[in-house]
Engineer: 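Once you've had a glance at the structure underneath, I'll fire off some questions.
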Number of protein chains: 2
Amino acid sequence: MRLSVSPDTFPPRGHEAKRLSIVDAAAGVFCREGFAGANIDLIAAEAGVSRQTIYNHHGDKEKLFVAVVRDLTERCNAGIFATIATFPDQPKDLEADLIGFAVRLNQNCICNRDGKFLRKLIQTEGERYPELFAEWREQGPGRTWPAIAARFARLAYGGYLAIEDPDVAARQFLGLVNAELQTTFMLGGTPREDEVLQSATNGVRTFLRAFGKRRSAASVEKQSALAGV
Amino acid sequence: MRLSVSPDTFPPRGHEAKRLSIVDAAAGVFCREGFAGANIDLIAAEAGVSRQTIYNHHGDKEKLFVAVVRDLTERCNAGIFATIATFPDQPKDLEADLIGFAVRLNQNCICNRDGKFLRKLIQTEGERYPELFAEWREQGPGRTWPAIAARFARLAYGGYLAIEDPDVAARQFLGLVNAELQTTFMLGGTPREDEVLQSATNGVRTFLRAFGKRRSAASVEKQSALAGV
DNA sequence: ACAAATTTAGACACTCTTGTCCAAATCGTC
DNA sequence: GACGATTTGGACAAGAGTGTCTAAATTTGT
């Protein structure tokens with residue numbers, strides 16, 4: 001029983017490997033074509049299996065779709081929590097550390113394949129499967145946003161930030177950091193690395209102008225001194 | 001034929017009314033079901049016309065779709081520019097005025113029927129019709145964002161704000177003001193009025209903490225007066 | 001009220017897709 | 001090398017949807 005951890009051998013081996021390659025291909029096709037437009041034959045071709053195998057594994061187009069969303073949600077959540085674990089709790093350089101965190105969050109959770117696909121599926125089919133996406137909402141934003149908020153609360157408690165409501169601050173942090181990527185996200189595109197960095201940098205700077213403690217205090221002092229107000 | 005000089009489309013007015021009701025119904029169905037899932041019979045039923053009439057008017061499912069997107073883009077753009085015209089150039093109460101602007105923008109351009117539909121269609125079918133949505137990108141964000149940026153630049157020039165890059169500030173303003181509505185937007189929902197107000201209020205407050213001049217000056221004045229400094 | 005334009009309902013051919021069935025080929029394991 | 005499980009490809013029925021065509025009904029302008 002050799003546990004072949006080999007990540008992606010092109011011709012998949014074994015029952016479970018086939019299941020994965022099916023779900024993987026299905027994710028891509030569902031995203032590109034939408035649920036109604038997705039073609040089982042095309043999924044089979046892209047997965048490198050026969051159509052019958054798909055029915056053997058998942059029984060049904062709808063069940064396949066549910067499996068895809070569950071899979072993506074799970075993997076994305078894992079990625080997000082792994083990234084949250086790298087949040088700078090005791091930053092040396094607050095600005096640089098927050099920018100790094102924002103970039104990691106974007107690259108590992110939002111712009112990567114899983115994140116892109118999950119986002120698209122939520123947008124396109126969310127209304128058709130209320131329970132499924134209610135589940136996502138609980139497992140996704142319902143758990144990750146508070147987790148991020150908690151990290152900001154800790155930063156505030158440590159005297160690094162002047163925040164009243166950590167939940168609001170967390171949401172605004174995400175909004176700011178992605179502010180320049182909205183159009184790209186809308187069209188389903190993937191921003192370039194430098195665009196991500198740019199947006200994160202601008203976003204974090206504004207965030208710190210609003211909530212930074214030492215920096216704003218210093219600049220206020222400086223401005224008052226200069227302006228003589 | 002004698003009316004052919006009229007700038008309007010040549011067919012009679014009952015004709016035009018039907019065209020509108022078709023495009024309207026089609027917008028709804030395309031949004032709910034996606035392009036592939038949209039059913040011409042269903043569109044006909046919701047428009048209150050026969051299927052043949054749709055083919056008489058638009059010839060083709062794809063042409064109908066294009067007409068829908070063009071229609072929505074045009075109406076949304078008109079709404080956005082009408083709202084931009086209400087931007088507070090010489091604000092009495094900067095915070096309240098910006099909140100009002102943000103709420104108007106949301107209610108009249110983003111959360112209304114046209115805005116919701118256009119957003120959804122862009123998200124779901126944007127990749128399938130690159131030229132069509134490139135056109136939208138130019139006509140939409142390509143023209144509205146700079147327009148908003150120009151207004152912020154004017155505020156900055158007037159001494160109301162401390163902004164370095166008006167374009168960045170405009171995008172961040174939109175990001176902040178919608179920060180709390182992201183999940184709802186993703187699932188295609190419509191936020192309640194109080195949610196819009198809440199998000200706008202929080203967003204504008206943070207925006208002014210980062211870029212506000214007047215307010216901090218005013219509060220400093222007030223504080224100085226009170227403290228006798 | 002008349003004539004032209006438009007709309008309607010229904011039938012129709014055609015294509016595409018889903019999901020099932022089955023015998024043969026292949027794979028994994030002992 | 002052999003055996004059981006899995007996969008394969010192809011055929012198939014059933015259903016749904018697009019787009020066309022027609023003759024009859026309705027609306028519109030004069």
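Just so it is clear, the values below take in all heavy atoms, side chains as well, and ignore hydrogens, waters and symmetry mates. Order of the sequence lines fixes the chain letters, A, B, ..., with proteins taken first and strands second; residue numbering starts at 1 for each chain. In this text the structure is predicted, and so the values were computed from the model without any measurement.
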Engineer: For C:dT8 and B:T53 - does any side-chain N or O of the residue sit under 4.0 Å from the phosphate oxygens OP1/OP2?
Structural biologist: yes
Engineer: Just verifying a value: how many Å separate A:M186 CE and B:F133 CZ, rounded to the nearest 0.5 Å?
Structural biologist: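 Answer for the CE-CZ pair, A:M186 versus B:F133, is 11.0 Å.
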Engineer: Is there a donor-acceptor contact under 3.5 Å linking the side chains of B:K116 and B:T190?
Structural biologist: yes
Engineer: On the nucleotide D:dT28, are OP1 or OP2 found under 4.0 Å from the side-chain N or O atoms that B:K18 carries?
Structural biologist: no
Engineer: DNA chain C: A:A36 or A:Q52, which has the more 5' nearest nucleotide?
Structural biologist: A:A36
Engineer: Provide, to the nearest angstrom, the distance between the CD1 atom belonging to B:I54 and the C1' atom belonging to C:dT6.
Structural biologist: 15 Å
Engineer: Which of these nucleotides, D:dG19, C:dA9, D:dT8, is closest to any side-chain atom of B:S50?
Structural biologist: C:dA9
Engineer: Quickly work out the A:I40 CD1 to C:dT20 P distance and round it to whole Å.
Structural biologist: 11 Å
Engineer: Knowing that exactly one of B:T83, B:N112, B:N178 qualifies, which makes a side chain to side chain donor-acceptor pair (under 3.5 Å) with B:N106?
Structural biologist: B:N178
Engineer: Counting heavy atoms from C-beta on, name the nucleotide in C:dT7, D:dT18, D:dC12 closest to the side chain of A:R51.
Structural biologist: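 Minimum distance to the A:R51 side chain belongs to D:dC12.
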Engineer: Assign each of B:N56 and A:G37 to its nearest nucleotide of DNA chain C by heavy atoms, then name whichever residue's nucleotide is nearer the 5' end.
Structural biologist: B:N56
Engineer: Quickly work out the A:K61 NZ to D:dA14 P distance and round it to whole Å.
Structural biologist: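 In whole Å, D:dA14 P lies 21 Å from A:K61 NZ.
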Engineer: Of the listed nucleotides (C:dT17, D:dT20, D:dT8), which one gets closest to any side-chain atom of A:N39?
Structural biologist: C:dT17
Engineer: Is there side-chain contact between A:L20 and A:D71, with at least one heavy-atom pair below 4.5 Å?
Structural biologist: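 In contact.
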Engineer: Output the rounded distance in Å from CD (B:E16) to P (C:dA5).
Structural biologist: 18 Å
Engineer: Does D:dT7 have its OP1 or OP2 closer than 4.0 Å to a side-chain nitrogen or oxygen of A:H57?
Structural biologist: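 Yes, A:H57 has a side-chain N/O under 4.0 Å of OP1/OP2 on D:dT7.
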Engineer: Quick one: A:R19 CZ to D:dT6 C1', roughly how many Å, whole number?
Structural biologist: 16 Å
